[in-house]
Amino acid sequence: MNRETPLTSPNASPQPDDLRATLIYHVLELNETEVLDLVQARLQRNDDPLVLVEACEAGMRRVGERYEQGQYFLSALIMAGEIFREVMELVQPVIENRIKGNESGRILLGTVQHDIHDIGKNIQSTLLSCYGFTVLDLGVDVPPGEFIAQALTFQPDIIGLSGLLTSSYDSMRETVAALRQANDEGLARVPIIIGGGMLNEQVRAYVGADYWTNNSMDGVRLCQRLLAGERLS
Ligand code: B12
């Protein structure tokens, strides 16, 4: 297994420029205690929680690369996911306190059928709530019919589908098709955004969604602009 050298010693207090690299390093090496101690310490020093989340996300991407290269096994993915979940537990109250937005708008969110990745979806859900949106999060492995049933009662302004697996593109496509068919049968037609680290414009076109993103802050801005009635190309 490759061992990478941290840019700063884990015991030293990293400078702002080093902070990102140090966090990425510790997430990549699955150093749970170091990650959580560093995040905790930085939150106490009033660092921007979104910067800490972004660095941990970058570390997670590197974990995925090691998994792809056969240097890490599934247990490492599980460990990385657990570390990230714990980081979010630390930062979420701070984000909620700092931001407390007042957007109005209802967002229906879920990870599509056969996909159980929810770390990114949960970040998106938390951030949208922090900015004041009302979010109904359906969880993971959500079948198309469940999206439709919940959309009929919740009456969302925007629907967000999350998915990280290549095979999720088909689940997204089926979900979008089912929602569009339901539009013909009376369900209000609202914008559908797909989100996930592996997405791009080609996938969006394949899936038939209106928008895509692989960044939660872009997701928040997109929802703000859509609800403000801006026509986006
Ligand atoms: C953690 C992880 C897991 C954890 C998931 C834990 C959890 N509770 O989510 C566990 C260990 C369970 C797991 C399981 C599997 N995984 Co996995 N996993 C990962 C890993 C390392 C990180 C994913 C992650 O959380 N990233 C961090 C988050 C913050 O990023 P994100 O999800 O992209 O979300 C951000 C944006 O995309 C956006 N966003 C996300 N959703 C939405 C939705 C909307 C509406 C909006 C607006 C925005 C938005 O906001 C987020 C914040 O910015 C990735 C590697 C990677 N590079 O992504 C592999 C990865 C996704 N997994 C992979 C695989 C293969 C699997 C398994 C099939 C392994 C196996 N053999 O069983 C299973 C799948 C099980 C299933 N049926 O779903 C592959 C997928 C490859 C592919 N092409 O399909 C990856 C890419 C690893 C790899 N490089 O091979 N995994």
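Just so it is clear, the structure is predicted and the values come from calculations on it, not from any experiment. Each ligand, and each atom within it, is numbered from 1 in the order the structure gives.
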Q: Within a distance under 4.0 Å of any heavy atom of Leu109, pick out the atoms of ligand 1 and give their elements.
A: 45 (C)
Q. Hey, which of Leu36, Asn31, Leu38 is the one that makes side-chain contact (heavy atoms from CB on, under 4.5 Å) with Glu34?
A. Asn31
Q) So which protein heavy atom does atom 46 (C) of ligand 1 come closest to, and at what separation? A) Gln124 OE1, 3.4 Å
Q.
Under 4.0 Å from atom 82 (C) of ligand 1, can you find at least one protein heavy atom?
A. yes
Q) Are there protein heavy-atom neighbours of atom 85 (C) of ligand 1 below 4.0 Å? A) no
Q: Please write down residue, atom name and distance for the protein heavy atom closest to atom 63 (C) of ligand 1.
A: Leu165 CD2, 4.0 Å
Q) Transitively linked via ILVMFWY side-chain contacts under 4.5 Å: Met198 with Tyr211? A) no
Q: Find all atoms of ligand 1 within a distance of less than 4.0 Å from any non-hydrogen atom belonging to Arg61, and give their numbers and elements.
A: 57 (N)
Q | Candidate with minimal heavy-atom separation from atom 42 (C) of ligand 1, of Gly195, Gly219, Cys223, Ser125 | A | Gly195
Q) So, Tyr206 and Asp170: side-chain donor and acceptor under 3.5 Å apart, yes or no? A) yes
Q) Which ligand 1 atoms, with their elements, are less than 4.0 angstrom from a heavy-atom of Leu74? A) 69 (C)
(Q) Quiz question for you: does at least one protein heavy atom lie closer than 4.0 Å to atom 10 (C) of ligand 1? (A) no
Q. Hey, quick one: are Leu164 and Tyr67 part of the same hydrophobic cluster, counting side-chain heavy atoms closer than 4.5 Å, chains of contacts allowed?
A. no
**Q.** Backbone or side-chain N or O of Ile116 under 3.5 Å from ligand 1 N or O
**A.** yes
Q.
Measuring from atom CG of Leu52 to atom CG of Leu43, what distance do you get when rounded to the nearest 0.5 angstrom?
A. 5.5 Å
**Q.** Test of proximity, Ser216 against ligand 1: N or O pairs below 3.5 Å
**A.** yes
Q. Are Leu28 and Met60 close enough that some pair of their side-chain heavy atoms sits under 4.5 Å apart?
A. no
**Q.** NE2 on His26 to CD on Glu29, rounded to 0.5 Å
**A.** 9.5 Å
Q. Considering only protein heavy atoms, which is closest to atom 77 (N) of ligand 1, and at what distance to one decimal place?
A. His114 O, 3.1 Å
Q) With a 4.0 Å cut-off, would you call Glu68 and Arg62 a salt bridge? A) no
(Q) With a cutoff of 4.0 Å, is Gly196 in contact with ligand 1, counting heavy atoms of the residue only? (A) yes
(Q) Just to confirm my output: which protein heavy-atom neighbour is closest to atom 41 (N) of ligand 1, and how far is it? (A) Ser162 OG, 2.7 Å
Q) If you draw the axis of the six-membered ring of Phe154, does the NZ or CZ of Arg106 fall within 45° of it and under 6.0 Å from the ring centre? A) yes
Q | Region of Asp141 that comes within reach of ligand 1 [heavy atoms, distance under 4.0 Å] | A | neither
Q.
For the CD atom on Glu65, are there more than 12 heavy atoms of other groups (residues, nucleotides or ligands in this structure) within a distance under 6.0 Å?
A. yes
Q: With heavy atoms only and a cut-off of under 4.0 Å, state how Asn215 meets ligand 1: side chain, backbone, both or neither.
A: backbone
Q. Based purely on interatomic distance, does Thr166 place a nitrogen or oxygen under 3.5 Å from a nitrogen or oxygen of ligand 1?
A. yes
Q: Name the closest protein heavy atom to atom 22 (C) of ligand 1, giving the residue it belongs to and the distance to 0.1 Å.
A: Met60 CE, 3.8 Å
Q: Flag the pair Arg221 and Asp218 as a salt bridge only when some basic side-chain nitrogen lies within less than 4.0 angstrom of an acidic carboxylate oxygen.
A: yes
**Q.** Glu201 atom CD: more than 12 heavy-atom contacts under 6.0 Å
**A.** yes
Q. Any salt bridge between Arg42 and Asp18, counting N to O under 4.0 Å?
A. no
Q: Compare every heavy atom of His117 with every heavy atom of Val140, then report the nearest pair and how far apart it is.
A: CG1-O, 4.1 Å
Q.
Please evaluate residues Gln150 and Glu146 with respect to the criterion side-chain hydrogen bond (donor to acceptor under 3.5 Å, both in side chains), reporting the C-alpha separation (whole Å), side-chain torsions for both, the decisive distance (0.1 Å), and the verdict.
A. CA-CA 6 Å; Gln150 296 292 341; Glu146 182 66 9; 3.0 Å; yes
(Q) Just to confirm my output: which protein heavy-atom neighbour is closest to atom 21 (C) of ligand 1, and how far is it? (A) Leu77 CD2, 3.1 Å
**Q.** Asp118 N/O to ligand 1 N/O under 3.5 Å
**A.** yes
Q | Proximal ligand 1 atoms for Thr213, defined as those under 4.0 Å from one of its heavy atoms | A | 46 (C), 47 (C), 48 (C)
**Q.** The one among Ile192, Leu164, Val63 that brings a heavy atom closest to atom 58 (O) of ligand 1
**A.** Leu164
Q. With respect to atom 17 (Co) of ligand 1, what is the nearest N, O or S atom of His117?
A. NE2
Q.
Membership question, hydrophobic clusters at under 4.5 Å side-chain separation (ILVMFWY): are Val35 and Ile78 in the same one?
A. yes
Q. Nearest non-hydrogen atom to atom 34 (O) of ligand 1 belongs to which of Ala209, Ala58, Gly81, Gly120?
A. Gly120
Q.
Between ligand 1 and Met198, can you find any atom pair, the residue atom being a heavy atom, that is separated by under 4.0 Å?
A. yes
Q: Would you indicate which of Gly163, Gly64, Gly160 comes nearest to atom 55 (C) of ligand 1 when only heavy atoms are counted?
A: Gly64
Q. Atoms of ligand 1 less than 4.0 Å from Ile78 heavy atoms?
A. 11 (C)
Q: Please check if a non-hydrogen protein atom sits closer than 4.0 Å to atom 5 (C) of ligand 1.
A: yes
Q.
How far is atom 88 (C) of ligand 1 from the closest protein heavy atom, and which atom is that?
A. Tyr67 CD2, 3.5 Å
Q. Which of the atoms of ligand 1 are close to Asn214, meaning less than 4.0 Å from one of its heavy atoms?
A. 36 (C), 37 (O)
Q | Top protein contact for atom 33 (O) of ligand 1, by heavy-atom distance | A | Gly197 N, 2.8 Å
Q: Would you mind listing which atoms of ligand 1 come within a distance below 4.0 Å of any non-hydrogen atom of Ile123?
A: 29 (C)
Q.
With a 4.5 Å cut-off on side-chain heavy-atom distances among I, L, V, M, F, W and Y, is there a chain of contacts connecting Ile24 to Phe84?
A. no
Q. Does Ile159 reach the side chain of Ile193, with side-chain heavy atoms less than 4.5 Å apart?
A. no
